[in-house]
Trainee: 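Below you will find the structure I want to go over with you.
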Amino acid sequence: MNGTTYGYMRVSTREQNEDRQRIAMLESGVPEENLYLDKQSGKDFKRPGYRTLVEKLKEGDTLVIKSIDRLGRNYDEILDQWRFLTREKRVWITVLDMPMLDTGAERDLLSRLISEIMLQVLSYVAQQERDFIRQRQSEGIAAAKLRGVRFGQKALPLPENFDEIRKKWENGEISATKAGQCLGVARNTFLKWVRV
C-alpha cells in the first residue's frame, strides 16, 4: 500500500484514558506523529482531531481505528463516515478489532464487498446494543425509584413516620404545610418526597 498511515482515537470524556487505543495503533505500525485524538462524545462530527485528520487524508492513505464505533455513535453516522472516507476521500480503512473490515488495497473486489456487508451488520448490531443499554438503564432507574432510591442531589432520608403522614395528607386530614411540619421539613420537600 502506498500513502501514509494515520490512526484515529476517541474517548468519550476527558477522564477516560486512550492508552489502550494508542498501544494498539503503535503495535499495528501507525507512527506516533500520525495519531489523532478527540476527548469528547462522538455524538457529532464537530471534533477537532477528527476534522484535522480528515483534511489531511489523501487518496491512497490508510486510516486505522480500534473499533468501528470510533467513527460514530449510531448506525447512520458510521455508514456515512465509512462511505465518505472510502468513496469520496478514497482512503483505506483498517479496523483493528475487526480484521474482516479491512479495505486494504491488496484485497480483491469480493473481499471489499464482504467488508461493506459486514460493516452494515456490525454497525446495526452496535446501534442495537446502545439502544439496549439505554433501555436497561431506564428500567434500572425506574426499579430503583420504586425501591425508594433517590437520584440527583443528595436526598434526605425519609422519616420513619413518613407513610403515616402521607396517608393523612392523601386523605385530606392535613395540609402539605402541616405534613411538612410534622416531618420537620418544608412543604416543598414533603411534596417532592410524595412525587418521587
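This chain uses plain numbering: 1 for the first residue, then up along the sequence. The analysis underlying the following values was restricted to heavy atoms, covering all of them including side chains, and did not include hydrogens, waters or symmetry mates.
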Trainee: Would a distance-only check, ignoring hydrogens and angles, find a side-chain to backbone donor-acceptor pair under 3.5 Å from R187 to A176?
Mentor: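 It does not hold such a pair.
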
Trainee: Linking I/L/V/M/F/W/Y whenever any side-chain heavy atoms sit under 4.5 Å apart, do I23 and I65 land together?
Mentor: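 Unlinked, I23 and I65 end up in two clusters.
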
Trainee: Would one find more than 12 heavy atoms of other residues, nucleotides or ligands at under 6.0 Å from atom CZ of R83?
Mentor: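 It does: R83 CZ has more than 12 such atoms within range.
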
Trainee: Examine V64 and L85 and state if one hydrophobic cluster contains both, with Ile, Leu, Val, Met, Phe, Trp and Tyr joined whenever side-chain heavy atoms are less than 4.5 Å apart.
Mentor: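 V64 and L85: separate clusters.
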
Trainee: Quick one: closest heavy-atom pair of G49 and D38, and the distance?
Mentor: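 So the minimum-distance heavy-atom pair works out to N-OD1, 2.8 Å.
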
Trainee: Using every non-hydrogen atom in the two residues, find where G7 and L53 come nearest and quote the distance to one decimal.
Mentor: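 So the minimum-distance heavy-atom pair works out to O-CD2, 4.4 Å.
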
Trainee: Treat each ILVMFWY residue as a node, draw an edge where side-chain heavy atoms are under 4.5 Å apart, and state whether L79 and Y50 are in one component.
Mentor: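 Same cluster.
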
Trainee: Membership question, hydrophobic clusters at under 4.5 Å side-chain separation (ILVMFWY): are I78 and V91 in the same one?
Mentor: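 Yes, same cluster.
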
Trainee: How long is the span from the CE atom in M9 to the NZ atom in K39, to the nearest 0.5 Å?
Mentor: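 If I round to the nearest 0.5 Å, the distance is 9.5 Å.
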
Trainee: Starting at CZ of R136, measure out to CD1 of I141 and round the result to the nearest 0.5 Å.
Mentor: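 Answer rounded to 0.5 Å: 13.0 Å.
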
Trainee: Any side-chain heavy atom of I68 sitting closer than 4.5 Å to one from M98?
Mentor: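 Not in contact.
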
Trainee: Rounded to the nearest 0.5 Å, how far does CG of L158 lie from CZ of F190?
Mentor: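 Answer for the CZ-CG pair, F190 versus L158, is 10.5 Å.
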
Trainee: Less than 4.0 Å between a side-chain N and a carboxylate O, is that true for E18 and R10?
Mentor: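 So R10 does not pair with E18 through a salt bridge.
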
Trainee: Short question: side chain of T189, backbone of V185 - any donor-acceptor pair under 3.5 Å?
Mentor: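 Side chain of T189 to backbone of V185: no pair is present.
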
Trainee: For K178, check side chain to side chain contact (heavy atoms under 4.5 Å, CB included) against everything at least two apart and list the hits.
Mentor: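 I174, S175, Q181, C182.
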
Trainee: Judged by atom type as modelled, is there a donor-acceptor pair below 3.5 Å linking the side chain of D61 to the main-chain atoms of G3?
Mentor: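 No, the answer is negative, given that no donor and acceptor are paired below the 3.5 Å cut-off.
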
Trainee: Does the side chain of E77 pick up a donor-acceptor pair with the side chain of Q81 at under 3.5 Å?
Mentor: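 No, no side-chain donor-acceptor contact under 3.5 Å.
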
Trainee: Determine, stepwise, if the pair T86 / I93 fulfils side chain to side chain contact (heavy atoms under 4.5 Å, CB included).
Mentor: CA-CA 7 Å; T86 59; I93 299 177; 3.7 Å; yes

Trainee: Quick one: do T5 and W92 satisfy side chain to side chain contact (heavy atoms under 4.5 Å, CB included)? Show the steps, please.
Mentor: CA-CA 9 Å; T5 300; W92 310 115; over 6 Å; no

Trainee: What's the shortest heavy-atom distance between V30 and L26, and which atoms?
Mentor: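 Minimum heavy-atom separation between V30 and L26: O-CD2, 3.4 Å.
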
Trainee: Roughly how far, to the nearest 0.5 Å, is the CD atom of Q21 from the CG atom of L37?
Mentor: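 Here the interatomic distance stands at 8.0 Å.
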
Trainee: Taking K89 for its side chain and L57 for its backbone only, find out whether a donor-acceptor pair lies under 3.5 Å.
Mentor: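 Side chain of K89 to backbone of L57, a donor-acceptor pair under 3.5 Å: yes, one is there.
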
Trainee: Taking distance alone, no hydrogens or angles, what donor-acceptor pairs closer than 3.5 Å link side-chain atoms of residues 160-172 to residues at least two apart or in another chain?
Mentor:
unit_1, atom_1, unit_2, atom_2, d
N171, ND2, K167, O, 3.2

Trainee: Do the side-chain N and O atoms of Y8 and R47 include a donor-acceptor pair separated by under 3.5 angstrom?
Mentor: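 Yes, R47 and Y8 have a side-chain donor paired with an acceptor closer than 3.5 Å.
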
Trainee: Under a 4.5 Å side-chain heavy-atom rule over Ile, Leu, Val, Met, Phe, Trp and Tyr, are M25 and Y6 clustered together?
Mentor: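 Shared cluster, no.
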
Trainee: Using a 4.5 Å cut-off on heavy atoms from C-beta on, say whether the side chain of T52 contacts that of Y36.
Mentor: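 Y36 vs T52: side chains touch.
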
